[in-house]
Number of protein chains: 2
Amino acid sequence: MSRPMPERLAVFDLFAGLDAAAMDDIAAAAVERRLDAGEMFFLQSERAERFFVLVDGRVRLTQVTPDGQQVVVRFIMPGEGFGLVAVLAGNVYPLSAEAMDPAVGYGWDGPTFKTLMARHPELATRSLSLVAQRVHEFQARNRELSTERVERRIARTLLRLTNQSGTRQSDGVRIDLPLTRQDVAEMTGTTVYTVSRVLAGWHEAGIIDAGRKRIVIRQPHSLVAIAEDLPPAR
Amino acid sequence: MSRPMPERLAVFDLFAGLDAAAMDDIAAAAVERRLDAGEMFFLQSERAERFFVLVDGRVRLTQVTPDGQQVVVRFIMPGEGFGLVAVLAGNVYPLSAEAMDPAVGYGWDGPTFKTLMARHPELATRSLSLVAQRVHEFQARNRELSTERVERRIARTLLRLTNQSGTRQSDGVRIDLPLTRQDVAEMTGTTVYTVSRVLAGWHEAGIIDAGRKRIVIRQPHSLVAIAEDLPPAR
DNA sequence: CTGCCAACTTGCGATAGCGCAACGTCGCCC
DNA sequence: GGGCGACGTTGCGCTATCGCAAGTTGGCAG
């Protein structure tokens with residue numbers, strides 16, 4: 001298991017503003033994990049031993065309800081962390097983390113990370129604001145789920161994914177995730193059927209270009225108009 | 001503005017496990033605020049200066065969507081904190097905090113609290129796990145909102161409120177909050193009409209006893225059965 | 001190249017939940 | 001001890017969304 005490079009870690013949100021000495025210390029405590037596509041970093045309801053920062057690849061976080069329905073909680077791109085909340089709370093993982101492609105992550109276990117936080121107070125502060133940010137995101141999503149129609153929620157979700165992992169190309173912005181209709185449905189709290197119909201409508205209207213596991217936004221402004229419920233902008 | 005008693009603070013989640021010296025230090029930095037019913041601790045979208053721990057009274061946290069719809073995020077009972085996440089994230093308050101009755105809170109501003117955390121690492125750890133717990137709650141609520149029917153969500157919400165502020169009485173457990181149908185609707189992402197109809201049904205069935213701003217759970221097990229979607233228990 | 005399978009689509013009937021409108025009713029304030 | 005306003009209820013028509021069933025399609029494995 002190779003030793004992570006402190007320089008590579010320094011770019012991550014979680015470690016922003018830490019000095020080189022601190023980074024060395026933190027990196028020395030990390031464990032690298034390499035997974036193939038389809039393998040799991042951890043499974044829902046296992047004891048939360050270790051959290052990770054993703055260095056390479058993509059990760060899908062999913063949650064299964066007691067009665068077997070699946071929900072996609074979010075996607076993780078390189079530089080982002082996952083599992084932190086569960087480890088800090090000393091709980092069980094509330095969701096599963098699956099590598100969507102060959103992925104590399106660095107991990108720290110709870111006690112180790114707590115020691116690191118005590119040595120580097122900055123780290124505690126950073127962790128707090130990252131977790132606080134998660135709270136905001138979930139709160140926003142809650143509000144959406146309870147007050148907005150499906151179409152609007154899907155629009156918002158696509159825009160969010162665009163920000164997180166969009167690539168500009170000649171005919172619009174492409175979402176760099178192999179997104180199934182099912183995935184979108186699970187992210188927006190609806191069904192495959194409805195997602196399919198909505199996307200078909202937008203395709204019709206020239207707003208997006210959608211294929212198998214592929215979505216390209218051609219007219220982001222139209223999507224924003226739908227998300228914000230503006231007058232159907234000319 | 002009277003000085004808070006350290007002994008009173010020590011019972012709060014946020015300060016669990018801190019020694020007397022630390023408590024003195026923390027209490028010395030607190031500011032007491034007394035509000036009448038209907039007054040606000042803070043308003044949504046103000047700069048998040050200060051967070052509070054509630055000592056007495058009850059507080060309602062609400063969020064207003066850009067297009068004017070209101071959502072009840074949660075209720076705060078004595079011993080609980082609110083505003084912490086916003087202050088730590090150095091943001092704007094994402095919601096408003098209204099005193100439902102005459103209320104007393106102790107407050108700390110961000111810089112002060114960060115100093116305190118640096119002096120007492122335990123405090124940082126406690127803060128982290130409290131915030132982490134919030135993440136869990138919101139995540140659970142998200143899952144509910146996207147996978148469950150209204151009836152089930154209402155059942156769950158009542159049970160949750162029962163845990164948070166229920167008083168056992170001869171004919172069942174009473175929820176000690178002046179809960180409007182509107183409030184319940186805003187907590188569960190539905191409408192007054194639907195809440196009214198559902199509660200009427202349960203009243204009919206003898207599961208609850210509901211009046212103006214008053215809900216008593218007579219058969220908690222039946223409500224659990226609904227929440228968990230069990231066979232309509234005999 | 002071909003066949004197969006997962007992903008996607010679409011018609012259609014079913015229904016949960018919405019929300020207006022109109023009406024009860026409780027309790028508090030003067 | 002009225003009367004008023006907030007809260008609660010209910011009938012009713014409406015539609016967004018669901019979800020089955022029965023397809024079509026794209027792309028990859030062999």
Side-chain angles (χ1 to χ4, degrees), chain A residues 37-38 60 65 67-72 98 100-101 144-158 175 177-205 208-216 226-227 229, chain B residues 36-38 60 65 67-72 98 100-101 144-158 175 177-205 208-216 226 229:
Chain A
R60 186 208 319 263
T65 68
D67 49 302
Q69 286 186 79
Q70 192 171 284
V71 174
V72 172
E98 179 195 353
M100 301 172 74
D101 9 60
E144 286 172 25
L145 282 169
S146 48
T147 64
E148 292 174 5
R149 302 283 176 80
V150 167
E151 207 182 21
R152 227 168 138 178
R153 301 205 302 264
I154 297 177
R156 253 186 229 289
T157 300
L158 291 192
I175 295 175
L177 286 167
L179 265 196
T180 323
R181 301 285 179 277
Q182 182 69 40
D183 288 330
V184 178
E186 287 174 13
M187 296 186 80
T188 51
T190 178
T191 61
V192 208
Y193 314 111
T194 301
V195 171
S196 181
R197 285 186 257 262
V198 169
L199 293 191
W202 291 345
H203 191 195
E204 188 75 14
I208 66 169
D209 189 0
R212 294 206 147 201
K213 298 188 176 183
R214 183 182 57 84
I215 300 179
V216 179
I226 295 169
D229 199 23
Chain B
D36 280 336
R60 185 207 321 262
T65 69
D67 50 299
Q69 286 186 79
Q70 193 170 283
V71 175
V72 173
E98 179 195 353
M100 302 172 74
D101 10 58
E144 287 173 23
L145 281 170
S146 48
T147 63
E148 292 175 3
R149 301 282 174 81
V150 167
E151 205 183 22
R152 225 167 140 181
R153 303 206 300 263
I154 297 178
R156 254 186 229 289
T157 300
L158 292 191
I175 295 176
L177 286 167
L179 265 196
T180 331
R181 301 286 177 277
Q182 182 69 39
D183 288 330
V184 178
E186 286 174 14
M187 297 186 80
T188 51
T190 178
T191 62
V192 209
Y193 314 112
T194 302
V195 171
S196 181
R197 286 187 256 262
V198 169
L199 294 191
W202 291 345
H203 191 197
E204 187 77 13
I208 66 169
D209 190 359
R212 291 210 146 200
K213 299 188 176 185
R214 182 182 58 82
I215 300 178
V216 179
I226 295 169
D229 198 25

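Please read all numbers here as calculations on a predicted model, not as lab measurements.
By the 4.5 Å heavy-atom criterion applied to side chains, B:L199 and B:L158 are counted as neighbours. Between B:W202 and B:I215 there is no side-chain heavy-atom pair separated by less than 4.5 Å.
Straight-line distance from the CD atom of A:E151 to the P atom of D:dC18: 13 Å, rounded to whole Å. The interatomic distance linking A:L145 (CG) with D:dT17 (C1') rounds to 15 Å, in whole Å. Between the CD atom of A:E148 and the P atom of D:dA16 there is a distance of 16 Å, rounded to whole Å. B:I208 has its CD1 atom 14 Å from the C1' atom of D:dT9, to the nearest Å.
Under the rule for a side-chain contact (heavy atoms from CB on, under 4.5 Å), the partners of A:R197 that lie at least two apart in sequence or sit in another chain are A:Y193. Taking the side-chain contact (heavy atoms from CB on, under 4.5 Å) definition, one finds that A:T194 meets it with A:V150, A:T190, A:T191, A:V198, sequence neighbours left out. Annotation: salt bridge (Lys or Arg N to Asp or Glu O under 4.0 Å) contacts of A:R60 (sequence neighbours excluded): A:E98, A:D183. Under the salt bridge (Lys or Arg N to Asp or Glu O under 4.0 Å) criterion, A:R152 pairs with A:D229, B:D67, not counting sequence neighbours. Not counting sequence neighbours, the partners of A:T147 by the side-chain contact (heavy atoms from CB on, under 4.5 Å) test are B:T65, B:Q69, B:V71. With sequence neighbours excluded, the residues satisfying side-chain contact (heavy atoms from CB on, under 4.5 Å) with A:V216 are A:Q169, A:D171, A:R174, A:D209, A:R214. Judged as a side-chain hydrogen bond (donor to acceptor under 3.5 Å, both in side chains), and not counting sequence neighbours, the contacts of A:E148 are A:R156.
Across A:V192 and A:A185, no two heavy atoms sit closer than the pair N-CB, 3.7 Å. Between A:M100 and A:A37, the shortest heavy-atom contact is O-CB, 3.7 Å. Across all their heavy atoms, B:S146 and A:G189 have their closest contact at CB-CA, 3.3 Å.
Between atom CZ of residue B:R212 and atom CZ of residue B:R181 there is a gap of 9.5 Å, rounded to the nearest 0.5 Å. A:K213 contributes atom NZ, which lies 5.5 Å from atom OG1 of A:T180 (distance to the nearest 0.5 angstrom).
With the end axes of the helix from C:dC1-D:dG30 to C:dC30-D:dG1 each set by five pairs, the angle from one to the other reads 40° at 10° resolution.
For DNA chain D, the residues of residues 191-199 of chain A within the heavy-atom distance limit of 4.0 Å (strictly under) are A:T191, A:Y193, A:T194, A:R197, sorted by number. Contacts with DNA chain C (heavy atom under 4.0 Å) in residues 179-186 of chain B: none are found.
Of the possible donor and acceptor atoms, one in the side chain of B:R153 sits under 3.5 Å from a partner among the backbone N and O of B:T188.
From the 5' end on, the contacts that DNA chain C makes with chain A at under 4.0 Å to a non-hydrogen atom open and close at C:dA6 to C:dC12.
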Can you give me the N/O atom pairs linking the protein to nucleotides 25-29 of chain D at distances under 3.5 Å, or say none if there are none?
unit_1 : atom_1 : unit_2 : atom_2 : d
D:dT25 : O2     : A:R212 : NH2    : 2.8

